[in-house]
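Worksheet: the structure to be examined is printed underneath.
Only heavy atoms go into these numbers, but all of them, side chains included; no hydrogens, no water, no symmetry mates.
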Amino acid sequence: MKKKYPKLLVAFVVVLTFANVFSLTGCGKTENTGSQADQEVQFVISETEQEVTSVQTDGDSAQTQTNGKCEETGSIVRAYSDKEKERMAELQESYQNETAKPERMIQEVDSAEDVTEGSLCYIVSTGEYYLPDRELTDEELLEIIDCNFRISLNMNRKTETEYEAEDRAKRAELEAKVQAAGGISEEKAVQIAQKAMETDLGENAKELKLCINETYGWSSDLCVADWSEIKEKDKGALAYIIGFNNMKDGIEMDALLNYVCTVNAVDGSILEAYTIQGLDDTTYYEH
């Protein structure tokens, strides 16, 4: 079943693992902590992402492809050997299939002057790899592949501002549709949801407070009701999803109570109302 959780509540309902934000200029941490669990990042590689993981190995030097240009630093950067290129191609396929990954992230240095002879590293200022004067191990080749993937992913990731602009534009489009249909305001929808909660939960409703999106200031998610639990006659309706919870510092997860009410944005009827106790104990209410 497809459960529609409002964005206002989702942080309390599910554990989000997709948001692996890489904040580094290059691709990974420069220090090795010794903890593999701290350094590994698991992800699913889509077809589009696979296209950007390829490493440049055919040139005279080991370089990453950045913004369509390759930087050159001179004599400290050597070419890959033919054997390394062959092994790189094999490991690239394994990496994309998620059957092989590096045990740690590649070492990063700011400039060529910081390179340690004999140690593989990524030079952030030039976007190049320093390859030791010996055959690279499989681990080192995987670190390069992984680093290239992270660089490409960062280059193709939208900024927070871009995501916010998209969210605001989508919201404005839906609000215009509600207004054109003579629908109700968000404030009115919250009042309807509050009254429904008081009816469904009785005295327990006093413990719950309205969830407000701190980024946008919205008190609801405005959307199209299309998930599986919505009655067939209501599918496609414009709707406000309003959430309340008893979240506070120190609360045990089992004691966390969320109340979610979906209100028809045009006629004000209640499409769905339910509570979530803890993470997954769900109770529905008829309206």
Side-chain angles (χ1 to χ4, degrees), residues 1-24 28-29 31 33-43 105 157-168 170-171 174-175 185-223 225 227 229 239-263 265 270-285 287:
M1 293 191 300
K2 177 185 177 184
K3 168 64 65 182
K4 180 69 175 181
Y5 292 118
K7 294 177 184 177
L8 306 174
L9 291 176
V10 73
F12 306 125
V13 178
V14 296
V15 178
L16 298 181
T17 58
F18 179 70
N20 291 320
V21 179
F22 307 115
S23 60
L24 299 170
K29 299 177 182 177
E31 72 276 10
T33 64
S35 172
Q36 181 175 335
D38 289 341
Q39 296 178 23
E40 289 181 354
V41 181
Q42 296 181 352
F43 41 74
M105 292 182 185
R157 179 180 285 114
K158 294 178 183 177
T159 66
E160 183 177 352
T161 300
E162 289 172 327
Y163 277 119
E164 287 186 10
E166 286 185 2
D167 285 345
R168 293 184 189 280
K170 290 177 183 177
R171 175 81 177 207
L174 291 173
E175 287 176 343
S185 65
E186 180 182 72
E187 182 179 5
K188 178 63 177 178
V190 169
Q191 293 174 357
I192 293 170
Q194 177 83 39
K195 185 175 181 180
M197 180 177 66
E198 292 170 353
T199 299
D200 293 336
L201 303 186
E203 288 295 313
N204 290 334
K206 295 179 180 179
E207 301 176 11
L208 278 61
K209 295 183 179 180
L210 176 66
C211 297
I212 298 176
N213 188 305
E214 295 181 358
T215 300
Y216 306 103
W218 300 332
S219 299
S220 71
D221 283 345
L222 180 55
C223 64
W227 51 99
E229 288 87 353
Y240 294 103
I241 307 179
I242 298 120
F244 303 83
N245 67 41
N246 62 345
M247 187 69 182
K248 60 184 178 180
D249 291 342
I251 190 170
E252 295 291 333
M253 188 57 68
D254 290 344
L256 180 63
L257 180 64
N258 290 290
Y259 179 86
V260 182
C261 185
T262 303
V263 178
I270 296 176
L271 305 182
E272 183 182 61
Y274 58 91
T275 54
I276 306 170
Q277 182 76 50
L279 285 177
D280 55 10
D281 185 7
T282 306
T283 302
Y284 285 87
Y285 302 91
H287 283 274

First locate atom [atom1] of [X], then atom [atom2] of [Y], and finally report the distance between them rounded to the nearest 0.5 Å.
| X | Y | atom1 | atom2 | answer |
| --- | --- | --- | --- | --- |
| Thr282 | Glu229 | OG1 | CD | 9.0 Å |
| Tyr216 | Asp221 | OH | CG | 10.5 Å |
| Glu207 | Lys248 | CD | NZ | 7.5 Å |
| Gln194 | Leu210 | CD | CG | 7.5 Å |
| Leu256 | Leu208 | CG | CG | 8.5 Å |

Less than 4.5 Å apart, any side-chain heavy atom of Thr262 and any of Trp227?
yes
Passes side chain to side chain contact (heavy atoms under 4.5 Å, CB included), Leu201 versus Phe244? Steps please.
CA-CA 12 Å; Leu201 303 186; Phe244 303 83; over 6 Å; no
Heavy-atom closest contact ([X] atom, [Y] atom, distance):
| X | Y | answer |
| --- | --- | --- |
| Ala273 | Ile270 | CB-CG2, 4.4 Å |
| Leu271 | Ala239 | CD1-CB, 4.0 Å |
| Gln277 | Asp254 | NE2-O, 2.8 Å |

As a test of understanding, state which of Thr275, Asp200, Asn246 forms a side-chain hydrogen bond (donor to acceptor under 3.5 Å, both in side chains) with Tyr259.
Asp200
Any residue meeting salt bridge (charged side-chain N to carboxylate O under 4.0 Å, His left out) with Glu164, in chain and number order, not counting sequence neighbours
none
Does Lys170 have any salt bridge (charged side-chain N to carboxylate O under 4.0 Å, His left out) partners at least two apart in sequence or in another chain, and if so, which?
none
Per-pair distances, 0.1 Å, donor-acceptor, side chain in residues 185-193, under 3.5 Å, sequence neighbours excluded:
residue : atom : partner : partner atom : Å
Ser185  : OG   : Lys188  : N            : 3.1
Glu186  : OE1  : Ser219  : N            : 3.4
Glu186  : OE2  : Arg171  : NH2          : 2.6
Glu186  : OE2  : Ser219  : N            : 3.2
Glu186  : OE2  : Ser220  : N            : 3.1
Glu186  : OE2  : Ser220  : OG           : 2.8

Over 12 foreign heavy atoms within 6.0 Å of CD, Glu252
no
Run the side chain to side chain contact (heavy atoms under 4.5 Å, CB included) check on Glu166 and Glu162 step by step: do they pass?
CA-CA 6 Å; Glu166 286 185 2; Glu162 289 172 327; 5.6 Å; no
